[in-house]
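In this text the structure is predicted, and so the values were computed from the model without any measurement.
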Amino acid sequence: MANMFPLSYGQDPANLCDINEPLIDHSEGQLFLNEAFKIIIEEVLCKGTDVKQKVCEWKGPEDLALLLDLELRAEGEPQQRLLQRVKDVAKYSIKTSHPRFFNQLFAGVDYHALAGRFLSEALNTNLFTYEVAPVFVLMETEVLRSLRQLVGWTEGDGIFCPGGSTSNMFAMNLARYRLFPEVKSQGLWAVPRLTIFTSAESHYSVKKGAAFLGIGTDNIIVVKVDEGGRIIPEDLDEKIKLTKSQGAVPLLVSCTSGTTVRGAFDPLDRIADVCEKHNVWMHVDAAWGGSVLFSEQHRHLMKGVARANSVAWNPHKMLMAGLQCSALLLQDTTNLLKKCHSANATYLFQQDKFYDVNLDVGDKTVQCSRKVDCLKLWLMWKAVGSIGLAERVDKAFNLVRHLVEQMKKREGFHLLWEPEFLNVCFWFIPPSMRGKEGNADYQDRLANVAPVIKERMIKQGTMMVGYQPLGDKVNFFRMIVLSTLVSKEDMDFSLDEIERLGNDL
């Protein structure tokens, strides 16, 4: 296993393909694992990162189900057929590490992090007590401490969560417990009407969290945004005052650093002023944008974050730590996480253990089983250092600048907003529609352009980029640029390809 990833940072991943020695040589199952690893490396890590290869081999659901032979049977299958299954799964899956995958807020691959993912899967432990995960209890503590330092906190708490949505929900739960600790034992009968404040462009997990926790989606108060999609603090202040006058209790303001569609950063310092004025929990959903804190050039986008009560940050996005890697960071030093979430199960969290029981971190979360998500980030961070991670952030911004510059030189590309972050939002106007903006059917026709081009690019497998409407804006492309494997040539190709696929519309 030691020679699986003999790469230094930035080295050609094609070198991974030269594997002739068996990795393990024991039982039939281990021999299968050897061969399966070779397929994974060839199909996913070599072909899947090669611009000469397709981003996807698209099949409709009926055809794909037949190709994969998904049915589970009483008898097992021979090893060679199973290896073909592995190859098929790799072949027909979307290659999210491909340099021309711009579809989501995650992309690319970091080989150090991937080695950490393989290692944590092989060790197969549960990160809840020191006795079964001693290495990872200490490692998680250190990684969380280092992330908090970047936020600007010398003390605090935190936990790795199964995704940013869970981090956001935990923040809501903690805010409620801080004001009304009796809710833990007495339930919703013990609390008055609570309200949460966020913008219409925040992540949908805010709405889901309010529903899940029994706060209610009707009690989410939508705050106005400016032309860049950022919360207007004056409107937030007015809405909090209005809520109070109606007898409700303002619970939490959920700000966003890097909104999902536009990539907007809410003005945290000014929002903090409002939150402090009204004694409201300030949460920052920095799942997408948090990694700018590594960069001296771009950390100003999150000025004021140190004044927040909690921050959600997903290193599996911009830093490419691999799904999933999501941290909830807290400024709290009163053990609020554990007080709020603990159940004190005596078969796990005995208080008479021979080591410091504070190392048993499992009662800080509502989970029992919890995967090791810190190792991949720790190993990657160890490999490239904070400087290397900052360079990763800065490179992505540089690529976006190049893309925008090239887009402005081409007829038919229309930027909706100057990008604040790594989200480039634009319409492609086919030649047949140019100069006809005043036509009655123009908006309807424009709304169909992105879906048709997206279908063509997926079926041909050349690239992937997302689209969506927003407010009064009909469907537009949202191109996300973050992978270290992406080059300026890939930026130019994406524009050429959209033109090729859409010029006849």
> For H341, which residues count as a side chain to side chain donor-acceptor pair (under 3.5 Å) partner, sequence neighbours excluded?
Replying inline: N173
> In chain order, what residues pass the side chain to side chain contact (heavy atoms under 4.5 Å, CB included) check against P162, with sequence neighbours excluded?
Replying inline: T166, Q324, Q367
> Sequence neighbours excluded, which residues qualify as side chain to side chain donor-acceptor pair (under 3.5 Å) partners of Y92?
Replying inline: none
>> Strictly below 4.0 Å, N to O, side chains only: are R148 and E155 in salt-bridge contact?
In response: no
> Does I387 CD1 have over 12 foreign heavy atoms under 6.0 Å away?
Replying inline: no
>> Using the side chain to side chain donor-acceptor pair (under 3.5 Å) criterion, which residues pair with K338? Sequence neighbours excluded.
In response: none
>> Restricting to ring pair (Phe, Tyr, Trp, His ring centres under 6.0 Å), what partner residues turn up for W381, sequence neighbours left out?
In response: F294
>> Does the plane of the ring in F397 sit parallel, tilted or perpendicular to the ring in F421? Use 30° and 60° as the thresholds.
In response: tilted
>> So, using ring pair (Phe, Tyr, Trp, His ring centres under 6.0 Å) as the criterion, who are the partners of Y467 when residues are at least two apart?
In response: none
> Who are the side chain to side chain contact (heavy atoms under 4.5 Å, CB included) partners of M169, not counting sequence neighbours?
Replying inline: K208, F212
>> A90: which residues meet the side chain to side chain contact (heavy atoms under 4.5 Å, CB included) condition with it, sequence neighbours left out?
In response: E43, V44
> Can you name the residues that form a side chain to side chain contact (heavy atoms under 4.5 Å, CB included) with A327, not counting sequence neighbours?
Replying inline: L144, L147, F160, L329
>> According to side chain to side chain donor-acceptor pair (under 3.5 Å), who are the partners of R370, at least two apart in sequence or on a separate chain?
In response: E140
> Please, which pairs that meet salt bridge (charged side-chain N to carboxylate O under 4.0 Å, His left out) have at least one residue in residues 167-185, sequence neighbours excluded?
Replying inline: none
> Where do F428 and F413 land on the ring pair (Phe, Tyr, Trp, His ring centres under 6.0 Å) test, with the steps shown first?
Replying inline: CA-CA 5 Å; F428 176 69; F413 287 91; 5.1 Å; yes
> Which residue pairs satisfy the side-chain hydrogen bond (donor to acceptor under 3.5 Å, both in side chains) criterion with at least one member in residues 225-234, sequence neighbours excluded?
Replying inline: D226-R230, R230-E420, E234-R270
